[in-house]
Amino acid sequence: QAHLVQSGGGLVQPGGSLRLSCVVRGSISSIWPMEWYRQAPGKERERVAVMSAGGISNYADDVRGRFTISRDFTKNTLYLQMNNLKPADTAGYYCHENGPDEYWGQGTQVTVTS
């Protein structure tokens with residue numbers, strides 16, 4: 001049973017939007033920070049968004065203003081809303097629970113192309 005299960009990736013044209021979901025088994029963490037990472041082939045892993053246990057969010061410079069991290073405690077789900085997508089956003093996206101067990105989602109591919 002995976003602890004984090006992702007969905008919502010796919011193909012989108014530049015300027016389009018996608019929302020990624022990360023369902024947490026049991027209940028979404030209110031103790032550990034929740035994060036979204038991405039990694040494209042040949043590039044280093046990049047943390048694009050983080051939400052603290054207290055609900056404070058922060059973003060990488062290249063996505064700030066376009067991406068929004070949020071969580072829904074009633075659905076035990078972490079979200080990443082991605083707007084005005086660019087080809088440079090193409091990557092595998094992974095949710096991450098930054099706690100002692102370092103849980104990762106299985107990954108979801110986002111491809112931005114015309």
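Excluded from the calculations below are hydrogen atoms, water molecules and symmetry mates; all remaining heavy atoms, backbone and side chain alike, are included.
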Can you find a heavy atom in the side chain of [X] that is under 4.5 Å from one in the side chain of [Y]?
X      : Y     : result
Tyr103 : Val24 : no
Tyr37  : Val50 : no
Met34  : Cys95 : no

key: Ionic contact status for Lys86 with Asp89, cut-off 4.0 Å   =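 Answer for the salt bridge query: no.
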
message = Going by the rule ring-ring contact (aromatic ring centres under 6.0 Å, His included), which residues pair with Tyr79 if we only count those two or more places apart in sequence or in a different chain?
response =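 Applying ring-ring contact (aromatic ring centres under 6.0 Å, His included) to Tyr79 gives none.
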
request  = Check Tyr94 against Gly105 and note the closest heavy-atom contact, atom names and distance.
outcome  =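 Smallest heavy-atom distance, with atoms named: CD2-O, 3.7 Å.
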
key: Heavy-atom pair with the smallest gap, counting every atom of Glu102 and Trp104   =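 Looks like O-CD1, 3.1 Å.
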
Do [X] side-chain atoms and [Y] backbone N/O form a donor-acceptor pair below 3.5 Å?
X     : Y      : value
Gln6  : Gly107 : yes
Thr90 : Val112 : yes
Arg45 : Gln39  : no

If you measure from [atom1] on [X] to [atom2] on [Y], what distance do you get to the nearest 0.5 Å?
X     : Y      : atom1 : atom2 : answer
Gln13 : Ser114 : CD    : OG    : 7.0 Å
Leu20 : Ser7   : CG    : OG    : 8.0 Å
Met51 : Asn58  : CE    : CG    : 10.5 Å
Tyr59 : Leu80  : OH    : CG    : 8.0 Å
Asn83 : Thr68  : CG    : OG1   : 6.5 Å
Arg47 : Asn98  : CZ    : CG    : 7.5 Å

message = With side-chain contact (heavy atoms from CB on, under 4.5 Å) as the criterion, how do Met82 and Val12 come out once you've worked through the C-alpha distance, each side chain's angles and the decisive distance to 0.1 Å?
response = CA-CA 11 Å; Met82 304 183 293; Val12 65; over 6 Å; no

